[in-house]
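Step one of this worksheet: look at the structure below.
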Amino acid sequence: MKEILFNKDFTCIAVSKTKPVEKIREIYELGHRDFGENKVQELELKFNTLPKDIRWHMIGHLQSNKVKKIIPFISLIHSVDSFKLLEVINNESEKLNKITECLIQVNISGEEQKFGFNPNNLDFLENSNLKDKKFIKIRGFMGMASFTDEYSIIRKEFKSLKELYDVYYNKLNDFNILSMGMSSDYNIAIEEGSNMLRIGSKIFGERNYL
């Protein structure tokens, strides 16, 4: 577990969704500070309960009407899946005079049930409309591979996101995060260039479904 948490080649987000604060404290006491949640209500509760030097990551689908609840303390939003959501994040951040860091979620699997931008519809990243949003900073991409045992499919999807990342890495300032890889496929993600992992069960054990 420590090899995943403290590897200098990538940042590991310990996905603590559904886990009690006691379990999070155990990982915190090891020196780890990056934790990820996918529900706003649970994220708020844990922020209010746990030490304030934790860097909280929103990794789940984020509804526009809940953005304002997490802007005051969120470290990084991984799941920006629409331009409308970017606008809301910018507006709520402006109210606090805060620049909120975000990742653009890209639907690399093509599955309809997954959120994210179509890989062919990312031109907005270079548009003036986005540059006018002074209270957000796009730091990179996030993607989830297909849920399959066919490793060749997973590798192909991760490779496609890395290729997209490389294009914008050379075009956008501070664009240097590629968040891909979870407990089931993180080794492939690392091989394909991921520098941020979202790891739950490999750290906390199998999660409880609510």
Side-chain angles (χ1 to χ4, degrees), residues 10-17 33-44 46-47 54-109 114-144 158 160-162 164-182 189 193-199:
F10 51 78
T11 299
C12 178
I13 311 305
V15 178
S16 50
K17 58 186 180 182
R33 294 295 180 268
D34 290 283
F35 292 87
E37 293 286 332
N38 70 336
K39 293 183 179 180
V40 169
Q41 185 175 2
E42 189 173 357
L43 182 55
E44 284 186 290
K46 288 175 178 176
F47 168 75
I54 288 177
R55 293 182 291 271
W56 289 106
H57 297 248
M58 179 64 193
I59 63 172
H61 177 60
L62 179 59
Q63 295 176 310
S64 297
N65 62 353
K66 294 184 178 180
V67 168
K68 63 182 178 182
K69 294 184 177 182
I70 65 171
I71 291 300
F73 63 86
I74 201 70
S75 177
L76 181 65
I77 300 174
H78 290 231
S79 48
V80 175
D81 56 12
S82 71
F83 195 81
K84 176 187 175 183
L85 182 58
L86 275 177
E87 291 179 320
V88 174
I89 294 171
N90 182 75
N91 293 341
E92 294 298 334
S93 300
E94 183 176 9
K95 294 176 183 177
L96 299 177
N97 195 32
K98 174 191 176 183
I99 296 176
T100 299
E101 299 192 345
C102 304
L103 301 181
I104 298 300
Q105 182 174 352
V106 183
N107 187 347
I108 55 175
S109 70
K114 284 184 179 175
F115 296 99
F117 285 90
N118 184 304
N120 297 316
N121 295 332
L122 297 172
D123 293 344
F124 72 92
L125 289 172
E126 299 179 82
N127 290 347
S128 59
N129 285 341
L130 181 59
K131 294 176 181 178
D132 290 339
K133 306 291 185 289
K134 303 297 185 183
F135 293 89
I136 54 175
K137 181 179 290 187
I138 306 299
R139 294 297 313 278
F141 287 141
M142 183 272 270
M144 291 182 285
F158 284 158
S160 69
L161 188 57
K162 176 59 163 62
L164 273 176
Y165 168 81
D166 287 343
V167 170
Y168 289 97
Y169 176 82
N170 293 315
K171 291 183 177 182
L172 305 178
N173 294 330
D174 300 315
F175 191 94
N176 56 14
I177 297 175
L178 181 55
S179 175
M180 60 183 192
M182 300 185 290
S194 175
N195 58 27
M196 183 173 283
L197 307 176
R198 306 178 305 278
I199 306 295

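As the structure is a computational prediction, the values presented were derived from the model and not from experiment. The first residue of the sequence shown is numbered 1, and numbering continues consecutively from there.
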Open item on the list: Please find the pair of heavy atoms, one from Lys133 and one from Asn90, that lie closest to each other, and give the distance.
Closed with: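 Taking every non-hydrogen atom into account, C-OD1, 3.3 Å.
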Task: Distance (rounded to the nearest 0.5 Å) between Leu164 CG and Leu125 CG - done: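 Here the rounded value is 9.5 Å.
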Task: Rounded distance [0.5 Å steps], CD1 in Ile74 versus NE2 in His78 - done: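 Taking CD1 in Ile74 and NE2 in His78, the distance rounds to 8.0 Å.
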- [ ] Might you confirm whether atom NZ of Lys68 has over 12 heavy atoms from other residues, nucleotides or ligands at distances under 6.0 Å?
- [x]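 No, NZ of Lys68 has 12 or fewer neighbouring heavy atoms, counting only those of other groups under 6.0 Å.
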Counting C-beta onward and ignoring hydrogens, is there a side-chain heavy-atom pair between [X] and [Y] closer than 4.5 Å?
{"X": "Asp81", "Y": "His61", "result": "yes"}
{"X": "Ile89", "Y": "Ile71", "result": "yes"}
{"X": "Met144", "Y": "Ser109", "result": "no"}

Open item on the list: Please enumerate all residues that pass side chain to side chain contact (heavy atoms under 4.5 Å, CB included) together with Arg55, with sequence neighbours excluded.
Closed with: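 Partners of Arg55 under the side chain to side chain contact (heavy atoms under 4.5 Å, CB included) test: Arg33, Asp34, His57, Ser75.
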Task: Under the side chain to side chain contact (heavy atoms under 4.5 Å, CB included) test, residues paired with Phe47 that sit two or more places apart - done: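 With sequence neighbours excluded, Phe47 shows a side chain to side chain contact (heavy atoms under 4.5 Å, CB included) to Lys52, Trp56, Phe73, given in chain and number order.
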TODO: Using the salt bridge (Lys or Arg N to Asp or Glu O under 4.0 Å) rule, collect all pairs that involve residues 95-106, keeping only residues at least two apart or in two chains.
DONE: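 Residue pairs with at least one partner in residues 95-106: Glu92-Lys95, Glu101-Arg139.
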Task: Where at least one partner belongs to residues 168-177, residue pairs that pass salt bridge (Lys or Arg N to Asp or Glu O under 4.0 Å), sequence neighbours excluded - done: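 Every pair satisfying salt bridge (Lys or Arg N to Asp or Glu O under 4.0 Å) with a residue in residues 168-177: Glu126-Lys171, Lys137-Asp174.
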TODO: Please name all residues satisfying salt bridge (Lys or Arg N to Asp or Glu O under 4.0 Å) with Lys162, sequence neighbours left out, ordered by chain then number.
DONE: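 Asp166.
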Donor-acceptor pairs are to be reported for all side-chain atoms of residues 115-124 against protein atoms at under 3.5 Å, with residues two or more places apart or in another chain.
from   : atom 1 : to     : atom 2 : distance (Å)
Asn118 : OD1    : Asn120 : N      : 2.7
Asn118 : OD1    : Asn120 : ND2    : 3.4

- [ ] Could you point out which residue of Leu43, Ile59, Val15 forms a side-chain contact (heavy atoms from CB on, under 4.5 Å) with Glu37?
- [x]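 Between Glu37 and the candidates, side-chain contact (heavy atoms from CB on, under 4.5 Å) is satisfied uniquely by Leu43.
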